[in-house]
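One structure is given here, and the rest of the page talks about it.
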Amino acid sequence: MRTGHAVETYGRLLALTTNPITWAWAGALVAALVALPWAVSGHLLVVSTTVLIATVGVVGLNVLTGTTGLISLGQSGFLAIGGYACGLLIRDLSLPTELAVPLAGLITGTLSLLIGVPSLRLKGLYLAITTLAASLIVIHIILYAEPLTGGPFGLRIPDVSFLGLRIADGRGMYYIALIVAVLTVVFVNNLMRSRSGRAWIALRDHDIAAKSMGIDLVRYKLLSFFVSSSIVGVAGALMALQLRFITADVFGLFLSIEALAMLLVGGVGSVAGAILGAAFIVLLPEIARGLLALVGWTGETGSAHVFEIRAVVTGVLIIVMLRIEPDGLIGIWRRTKRYWLQWPLSV
Amino acid sequence: MDYFANLVASGLIFGSLYGLIAIGFAVIYKTTGVVNFAQGEVMMFVLYFSWMVGTFVAAPLWLLLLIAIVVGGAFGALLERVFIRPMIGQSQFSIIMTTVGVAIVLRGLVPIFWGVESEPIDAPLKSQLYEFGPVMMLGDQIFALALFVAISAAAWAFFRFSRVGVAMRAAAHDETAALLMGINVRRLQGLSWMIASAVSGVAGVCYALIVARAPDMWQIGFQAFPAAILGGLDSPLGSAFGAVVVGIAASLSEGYIGYGLKEISGFVIIIAVLMVRPYGLFGEKELERV
Amino acid sequence: MKALTYVALALCLGTPAMAQTPGVTDTEIVLGAVLPMSGPASFPGLGASAGSRLAIAEYNAKGGIHGRTVRMLVEDDGYVPSRAYQGLVKLADDGILALVGTSGGGSLGAMLPVIDEKKIPTMVSTSVSNAAVEPVRPYVFMLGADYEDMFFAQIKYISEHDKPEGPYAVIAQDDDYGAHVEAGVMMAVEKLGLPSVPPVRFKRGQKDFSAEILRLRSQGIGALAVGGVIAETPGVLKELAKLRMNIPTAHAHTGAIDMTARLSAPYNMAYYAADYVVPIASEAAAGFRDLARQHLGEEEQKSLNRFSLTGYLGTKAVLAAAEACGRELTRDCLNDNLKKIDALDSGGLSSPLDFTNDRNTAAREVQIVRVNPMENTVEPLTGFVSYR
């Protein structure tokens, strides 16, 4: 535990952290992530890229649901808008990818206000189901707007480059996702410490009290929607770049549920929790596959039910996770950290 | 005119199915404040299990219905005890996510135990045609509709007049006061799950009759959401009404507009309704103290 | 810490086979398949997997292929394209000679970039998709007639034999499969100069068709093509029966499955279906069923269905081509030999397989059947005829 470190300038007050050791660890993590493609290739690289993309998505969702407390089941709809927007901007308008991705995010953010405005008066579950409804309607429109989106035939994205990295190349796509993920995490971390971030937390904890303290509910709710969906839209754009072929099926409702699971399992309200949760849920099928392989049940050994068993194991692991650690993975991390910081006097 | 009448009648059929699930949904929410995302999957599991028992005793339709109610009740109690009771005190969010986990597990278990094939119920009811003026309906559809009306009425009577029903309303309204009045709130929560699952069992039998027993039965549980939201999450009768509205709206939108709007028309409606009445048509506004 | 874990995992996976051709070692040939093995679409996936395994077991029982035992790795995509992509990358990592299971059209679309990049020999047999052969690739082959042919055949038959009085209609689900059926029917109707009404789309998985059929009745239709999978056929027939619309209906290949017929029995309506393989319960497939009893375990026998026939034939073609290469088995040799197949005996399950055409596609000949669910009969009305 650090003691005796007083903050003496505004710069140090506003910084993400003044502890040089924290910076060192963060740097080491980023370095490890940068070095990853040289240690790993093929399938694991694709999974790692998916983890990074999921991270962006869940960090975005966290802004709306974790920090502002507005439960949203609209993840799949926003991902879809981001993905299709990015794809269409690249394929039909030949925009450079570096522009298409953030633009796709902004388009998603703007469209999200269409659901944000009606949701202003809604609370809790009613809000959640409204976002669910919006998500379904978005997917439906995408499916039926064939002249624009290709409808059921899907959208194919040409092999373009982002800052010189080819999306068709496993390593290239990984680095694209890494850059976007790091930028997003830094951005959101800073946002949380800003005025908006504090307003959102106040909104979550007690909106009527917040209002009486002078926080404009409408403005901050809409801002939360906008920022959150923009980030999720960027995640959707990354998904489109990774797959190079998207259909409405790719953005099914299970993504919304998965995103909430990631948020909850990781720890609601914290960015680090969002990252951990994303990694956990993306890796869960691989963990289930590994567990079953230990017992000798692989996709090859003829048992036709291996795949369903894997799904069941995934569900069980989620339930167990929620049961044993209600604060999520970040709660486990914090407890462990506190334990070792106070050791041997820890309780 | 008979086009319209037929559309409405058809909407009523699936509306009844949604309604049976929505009632269960609302009962649980009303008593425990938990949104059971697994309602459709519970319906499916209870149906499959009851079917297995029913085939063993060569049960006719009415007996299958009774078996489903009993199995549903038992299964609901089991679910509540194993998955929900230990989560008391956790955030609503966590409990809801647990029901999602349960849904995933049940969805995976059904094909493992009972395979992936669809099985119809063999009942002469299915092909009997009835005409009510311009409206045509099949026997199994009338059966489902009748059951729905009966159960809705029973739910209304239960919550209005029976001791347990009134106790449940009291516990939902103010848990502490209910406890002070000597109501065993924990047991009531278990009971609400039993009732909801038993009703889902009935829904399952009706669905299996009209469509078939199949491992994708849980998908109609989805439409229970707009139904319950429309009627107000904490009002079983409101949810039943909401389901009817959703069913009819779906039918009418497909009949007059098209574009595959049927399945999402319910969701479109709730957005519109919630803008005007943020707690659904019959829901109670939640009062917060600052 | 994360990096270390990945390194350890990567090392644990081991290095791929030392042989130059992926999926081929001195003792083994490894095939791959990406199929929907769980979730709502598992019926075709499980069937296709069992069929492929049967073909493999048949070869292994004869001593393998030039001393190499054949194995198959299966990845489950749950009918979601993003999982198919991931699954194929994993299979490519594990090392496969060829891909014999390709799931649905959307999944195939997601896998094609990887297939193109790594030039994986692919046999598309689970479901027919134009994207596989547009453009034609020397390493991608397909088995099966497309939906245009299947419905052209039936509509032509209906127009000649039933001579319906009202316009033709199509009702199809809103995914790429349904869209292909819809396009096929509309093209057929136009080619034959028949009257039609605008197509009706429904959400995949929908069970209730009352509103849709009511609308079609108000348009006075005389014949209906149904683009569903299994449960949609009885759903539609139920509504037709309810409204006393005794019109001829045409269904896709899944119409002839006995499960579809069983579900449709209460509604007293016979219907047409078309397929490029014989119905699995028919006399013509008796040899296939015997083969399955010989080589497959009990559980896999239970998953046998119509899709096992296509999985079997597709895998058999790949293995036959591999065998023709002798011990020097390379992907190029495999592709060349597949392309050369011009009359591979399918055991009466379909027309003889011929990949020498300009679409790399075999078994394009369609057989029309009349399904009578009440008597549980499937009556072939034609032989395997080409409608090109």
Side-chain angles (χ1 to χ4, degrees), chain B residues 2-7 9-15 17 107-108 111-112 115-131 136-141 207 210-212 214-220 222 247-248 250-264, chain C residues 36-47 171-174 178 198-218 229-232 234-235 238-239 241-245 257-269 299 302-303 305 373-374:
Chain B
D2 76 338
Y3 186 54
F4 181 79
N6 266 304
L7 282 174
S10 316
L12 277 174
I13 312 300
F14 267 74
L17 290 178
R107 246 183 273 164
I112 293 177
V116 302
E117 307 222 330
S118 306
E119 278 277 339
I121 292 188
D122 280 322
L125 210 54
K126 286 175 85 154
S127 36
Q128 283 165 357
L129 197 57
Y130 294 90
E131 281 186 58
M136 323 268 246
M137 287 176 79
L138 289 168
D140 55 4
Q141 297 175 331
Y207 181 99
I210 293 181
V211 183
D216 63 353
M217 279 172 73
W218 53 271
Q219 284 177 345
I220 74 157
F222 219 49
I248 294 180
S251 197
L252 289 177
S253 69
E254 182 60 41
Y256 288 108
I257 310 176
Y259 294 107
L261 278 177
K262 184 187 239 175
E263 298 289 304
I264 63 163
Chain C
M37 302 291 278
S38 66
S42 55
F43 182 78
L46 291 169
I171 179 170
Q173 57 192 39
D174 61 3
V200 175
R201 277 200 197 166
F202 59 88
K203 199 137 219 63
R204 182 176 63 197
Q206 193 174 302
K207 302 288 184 242
D208 171 38
F209 299 95
S210 46
E212 287 85 352
I213 303 296
L214 271 168
R215 185 142 64 98
L216 289 174
R217 180 179 80 151
S218 72
V229 185
I230 295 170
E232 291 76 8
K238 178 192 187 108
E239 298 302 325
K242 182 172 98 174
L243 296 172
R244 300 217 180 93
M245 289 167 74
I257 310 181
D258 75 309
M259 197 158 84
T260 315
R262 233 177 335 125
L263 290 168
S264 313
Y267 311 118
N268 243 345
M269 289 182 74
E299 213 180 298
K302 277 198 269 180
S303 4
N305 56 50
M374 295 74 75

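Reckoned from all heavy atoms, side chains included, excluding hydrogens, waters and symmetry mates. Below, read A as the first sequence line, B as the second, and so on, with proteins coming before strands; counting in each chain starts at 1.
Ranking S253(B), G260(B), G255(B) against chain C, the residue ahead of the rest is G255(B), based on heavy-atom pairs under 4.5 Å. Heavy-atom pairs under 4.5 Å with chain C peak, among G108(B), P120(B), G258(B), at P120(B). Per-residue counts of heavy-atom pairs under 4.5 Å with chain B were compared for R262(C), R201(C), R217(C), K207(C); the largest is that of K207(C).
Using a 4.5 Å cut-off between heavy atoms, E131(B) touches chain C through its side chain atoms alone. Using a 4.5 Å cut-off between heavy atoms, Y130(B) does not touch chain C at all. For chain B, no part of D174(C) is nearby; none of its heavy atoms comes within less than 4.5 Å. Using a 4.5 Å cut-off between heavy atoms, S38(C) makes no contact with chain B at all. Using a 4.5 Å cut-off between heavy atoms, P266(C) touches chain B through backbone and side chain atoms alike.
Between the OG atom in S10(B) and the CD atom in E239(C) there is a gap of 6.0 Å [rounded to 0.5 Å]. From F4(B), atom CZ reaches atom CG of L214(C) across 12.5 Å, with rounding to the nearest 0.5 Å. Distance check, rounded to the nearest 0.5 Å: CG of N6(B) to CG of L243(C) gives 6.0 Å. With rounding to the nearest 0.5 Å, the separation of CD in E263(B) from CZ in R204(C) is 12.5 Å.
Summarising the geometry of Y267(C) relative to I210(B), their closest heavy-atom pair is OH-O, 4.2 Å, with the distance given to 0.1 Å. When every heavy atom of A241(C) is checked against every heavy atom of L129(B), the shortest pair comes out as O-CD2, 4.2 Å. The two residues L263(C) and S118(B) have their closest heavy-atom pair at CD1-CB, 3.9 Å. Between A211(C) and S251(B), the shortest heavy-atom distance links the atoms CB-O, 3.5 Å. Here the closest non-hydrogen pair linking Q219(B) and P40(C) is NE2-CG, 3.9 Å.
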* To do: Run the numbers on K238(C) and D140(B) for side chain to side chain contact (heavy atoms under 4.5 Å, CB included), then give the verdict.
  => CA-CA 11 Å; K238(C) 178 192 187 108; D140(B) 55 4; 3.0 Å; yes
* To do: Give the C-alpha distance, both sets of side-chain angles, the deciding distance and a yes or no for side chain to side chain contact (heavy atoms under 4.5 Å, CB included) between F43(C) and E117(B).
  => CA-CA 7 Å; F43(C) 182 78; E117(B) 307 222 330; 3.8 Å; yes
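Side-chain contact check for L46(C) versus V116(B): some heavy-atom pair is nearer than 4.5 Å. Counting only heavy atoms from C-beta outward, the side chains of Q141(B) and S210(C) never approach each other to under 4.5 Å. At a threshold of 4.5 Å between non-hydrogen side-chain atoms, the residues E254(B) and V200(C) count as touching.
Panel note: side chain K262(B), backbone K203(C); no donor-acceptor pair is recorded below 3.5 Å.
Within 6.0 Å of OH on Y3(B) lie more than 12 heavy atoms contributed by other residues, nucleotides or ligands.
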